[in-house]
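The sequence lines fix the lettering, A, B, ..., with proteins before strands; numbering per chain opens at 1. Everything numeric in this text was worked out from a predicted model, so none of it was measured.
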Amino acid sequence: MIDLQQLRQNIEMIAARLYKERGFKLDVIEMQRLEVQRKTRQIIVQDLQHKRNKAAKVLGQEKAKGLDIRDQSKALKQDGVALKVAQTELQALQSELEALYLSIPNLLHPSVPNGKNSNDNRVERHWGTPNIFTFTAKDHLSLGRALKQLDMERAAKLSGARFSVLYGDLARLQRALIQFMLNTHTANHGYQEVYVPYLVKKTCLYGTGQLPKFKEDDEEFSLAGAYCDLTLIPTAEVPVTNLVCGEIIPFEQLPLKWVAHTPCFRSEAGSYGKDVHGLLRMHQFEKVELVQITHPDQSEHLLEEIVGHAEFILQQLELPYRVVTLCSGDTGFSSAKTYDLEVWIPSQKIYREISSCSNFEDFQARRLKARFRDQATGKPRLVHTLNGSALAISRALLAIMENHQDENGRIYIPSVLQPYMNQQSHLDNQGSK
RNA sequence: GGAGAGAUGGCCGAGCGGUUUAAGGCGCUCCCCUGCUAAGGGAGUAUGGGGUAUCCCCAUCGAGGGUUCGAAUCCCUCUCUCUCCGCCA
């Protein structure tokens, strides 16, 4: 949610920005109409409440003196009815305004380039150079099948399309990736490891901005029946960021830095026919996620730090990548600024997203009511929240398979992972049944 | 799953229909006193919102409804915590 005080004061300017940056049409007339009504209603309600409180007090004192208060009591009944009516009207206006405000996307950071879609993203830098293969490079699906360690067919038998089954060394390599990333971020980058629920209440999704959705598509998986208010997390961002929901964090604890490994569940509604084969786009995948809860003055700088942490992993895995700043049209609803890390995919000869690092500034914090106590004033202020994938595990696995293959279909295991693989240097047919 | 007990400010804890404007204590901040330390005295100490804004008002006692002129207090529903029994990784 954006700052309402700011919105009310500079409504024309902010409406213009929302339209220019996001193509979001804010109904200024309607909003102002509702605001005026809300304000007058609120004054009426509070006035009636004030009268009620005073009258009740006087009545109480008279009763204590032993006076008969039945007539006065009866006379006050009408005020109670009027109050209830006014309260109901106020509530209706408030929820209408609330729904409107929840639908407004975040304002973008000035450094975000203008643009419509991913074609307009700004490439910041490259690292590494894509391998030039002296043979025809295979995609990860054929490589995995040849190794008998990747099985989409049996996965489909269990759960349908967009699920995977891994065997043997490939399954172990996925586990090694998770371990390596968690260990690196905790030992080298100062994050605390955190284990969180994979099922969360809907309110958590409002907090981080996945809900409300105005598209038809429902991106998340929800449970039915007795637990129907629970949803499978689409990313660890949701449970981890919601840890500070409603809290006032002591100043000296900032920044809070958490790293979590979780599976992620996405319906992928709206991406029918896109990336239907292999590990690229699945309903269930593993991810190691970084989350920071920071002082407002630090978030801009800490976004760069998070990107650095994700880049470090890619470098250690010896994978060529580039860093892009998402343009205005490609930046997510809640984000003020997002960097994507894109890893080279030899079979497609393009860079594909493997990490997304965002600064949400106070947008999520306002929804979450996540604050810290300002040292100077002693008053609570909204924190800033950031997160970054570091990395998407399934895509890292895929990238390793494709970038580190040789002409015999063996796959080189990056040296940083070998300690997690009993010093094994390659994936080959030995690791499967 | 069965039986019972709870949820009050940063913390402990009283209140069980109207002198509560949430007692009292602890902690914290500032001031005073005491030549250090300890002890003592005084003041302050939630969050959100509104207004005729150095002041006033409204809301919040786990959450949501209800009863009442008036609810922390009574009733209903839900959530969570604790104790005992059962079951279980």
Side-chain angles (χ1 to χ4, degrees), chain A residues 1-9 31-32 34-102 195-207 222-223 225-231 239 242-254 256 263 362-383:
Chain A
M1 199 144 69
I2 64 174
D3 185 351
L4 295 182
Q5 225 125 44
Q6 219 183 31
L7 178 64
R8 289 176 193 134
Q9 279 163 18
M31 194 196 110
Q32 284 175 327
L34 288 170
E35 276 292 353
V36 168
Q37 279 193 32
R38 194 216 81 232
K39 207 164 198 165
T40 52
R41 264 313 130 204
Q42 186 164 338
I43 291 167
I44 290 168
V45 167
Q46 290 190 357
D47 194 47
L48 286 169
Q49 283 170 328
H50 181 45
K51 267 169 67 184
R52 176 200 63 191
N53 290 349
K54 273 205 308 203
K57 184 165 228 170
V58 171
L59 226 56
Q61 284 164 353
E62 288 181 1
K63 194 186 174 190
K65 286 183 208 153
L67 299 172
D68 184 359
I69 60 168
R70 273 178 299 178
D71 286 351
Q72 293 178 69
S73 168
K74 213 172 278 174
L76 287 171
K77 177 114 186 147
Q78 284 312 308
D79 289 355
V81 175
L83 175 60
K84 200 142 283 178
V85 171
Q87 273 175 327
T88 309
E89 286 172 355
L90 178 62
Q91 252 170 32
L93 284 164
Q94 275 171 336
S95 52
E96 210 172 330
L97 277 164
E98 167 97 347
L100 175 64
Y101 293 141
L102 283 175
Y195 170 82
V196 290
Y198 303 157
L199 286 162
V200 296
K201 297 175 186 173
K202 295 259 190 304
T203 52
C204 293
L205 293 157
Y206 280 91
S222 295
L223 297 197
Y227 290 95
C228 62
D229 59 332
L230 292 179
T231 301
N242 271 277
L243 290 173
V244 294
C245 178
E247 297 193 7
I248 300 174
I249 312 293
F251 171 85
E252 59 277 8
Q253 284 182 19
L254 298 179
L256 294 170
D362 60 13
F363 187 87
Q364 291 180 329
R366 189 168 290 107
R367 291 170 163 233
L368 292 165
K369 297 176 178 58
R371 293 164 295 175
F372 71 100
R373 199 168 290 282
D374 191 274
Q375 258 189 330
T377 64
K379 293 287 164 202
R381 277 177 70 189
L382 294 167
V383 295

If you measure from the P atom in rU52(B) to the same atom in rC57(B), how many Å do you get, rounded? 16 Å
Considering only atom C1', compute the distance from rC85(B) to rG17(B) and round it to an integer number of Å. 38 Å
Using atom P of each nucleotide, how far apart are rG44(B) and rA59(B) to the nearest Å? 24 Å
Measure the spacing between CZ of Arg367(A) and CG of Asn242(A) and express it to the nearest 0.5 Å. 11.0 Å
Tell me which nucleotide, if any, is Watson-Crick or G-U wobble paired with rA38(B) when both distances must be under 3.5 Å. none
Please report the distance separating the P of rU21(B) from the corresponding atom of rG70(B), rounded so that it comes out in whole Å. 16 Å
Taking any heavy-atom pair under 4.0 Å as a contact, classify Asn53(A): base, sugar-phosphate, or nothing. sugar-phosphate
Between atom CD in Gln49(A) and atom P in rA71(B), what is the gap in whole Å? 11 Å
P atoms of rA72(B) and rC58(B), separation to the nearest Å: 13 Å
Using both distances under 3.5 Å as the test, list the Watson-Crick or G-U wobble partner of rA89(B), or none. none
Side-chain contact, heavy-atom cut-off 4.5 Å: Val36(A) with Lys39(A)? no
Between rG49(B) and Gln46(A), counting only base atoms on the nucleotide and side-chain atoms on the residue, is there a donor-acceptor pair under 3.5 Å? yes
Counterpart base for rC33(B), defined by Watson-Crick or G-U wobble contacts under 3.5 Å: none
Re rC55(B): Watson-Crick or G-U wobble partner, both distances kept under 3.5 Å, found to be rG51(B)
Any side-chain to backbone donor/acceptor pair from Arg366(A) onto Met1(A)? Under 3.5 Å, distance only. yes
Anti or syn, where syn is a glycosidic angle within 90° of 0; which label fits rA39(B)? anti
Sticking with atom C1', work out how far rA7(B) lies from rU60(B), rounded to a whole angstrom. 16 Å
Looking across every strand, which nucleic acid part, if any, lies under 4.0 Å from Lys39(A) by heavy atom: base, sugar-phosphate, or nothing? sugar-phosphate
Is there a Watson-Crick or G-U wobble partner for rU45(B) with both distances under 3.5 Å, and which nucleotide is it? rG27(B)
Please confirm whether the shortest side-chain N or O distance from His50(A) to OP1 or OP2 of rC58(B) is below 4.0 Å. yes
Between Lys54(A) and Pro380(A), the residue closer to the 5' end of RNA chain B by nearest nucleotide is Pro380(A)
Which nucleotide, in any strand shown, forms a Watson-Crick or G-U wobble pair with rA71(B), with both distances under 3.5 Å? none
Mind checking if Arg41(A) touches a base, just sugar-phosphate, or nothing, with heavy atoms under 4.0 Å? nothing
Expressed in whole Å, how much space separates the C1' atoms belonging to rC26(B) and rC74(B)? 33 Å
CD of Gln87(A) to CG of Leu90(A): how many Å apart, nearest 0.5 Å? 8.0 Å
Heavy atoms only: give me the nearest Phe372(A)-Leu382(A) pair and the separation to one decimal. CE2-O, 3.5 Å
Polar side chain donor-acceptor pair, Arg38(A) to Gln42(A), under 3.5 angstrom: yes
For the C1' atoms, the ones on rA22(B) and on rA14(B), what distance do you get once it is rounded to whole angstrom? 10 Å
For RNA chain B, whose closest nucleotide is more 5', that of Lys63(A) or that of Ser73(A)? Lys63(A)
In whole angstrom, give the distance that lies between atom CG of Leu83(A) and atom C1' of rU68(B). 13 Å
Only pairs with both distances under 3.5 Å count, Watson-Crick or wobble alike; so what is the partner of rU20(B) in this structure? none
Does rG6(B) have a Watson-Crick or wobble partner in any strand here, with both distances under 3.5 angstrom, and which is it? rC80(B)
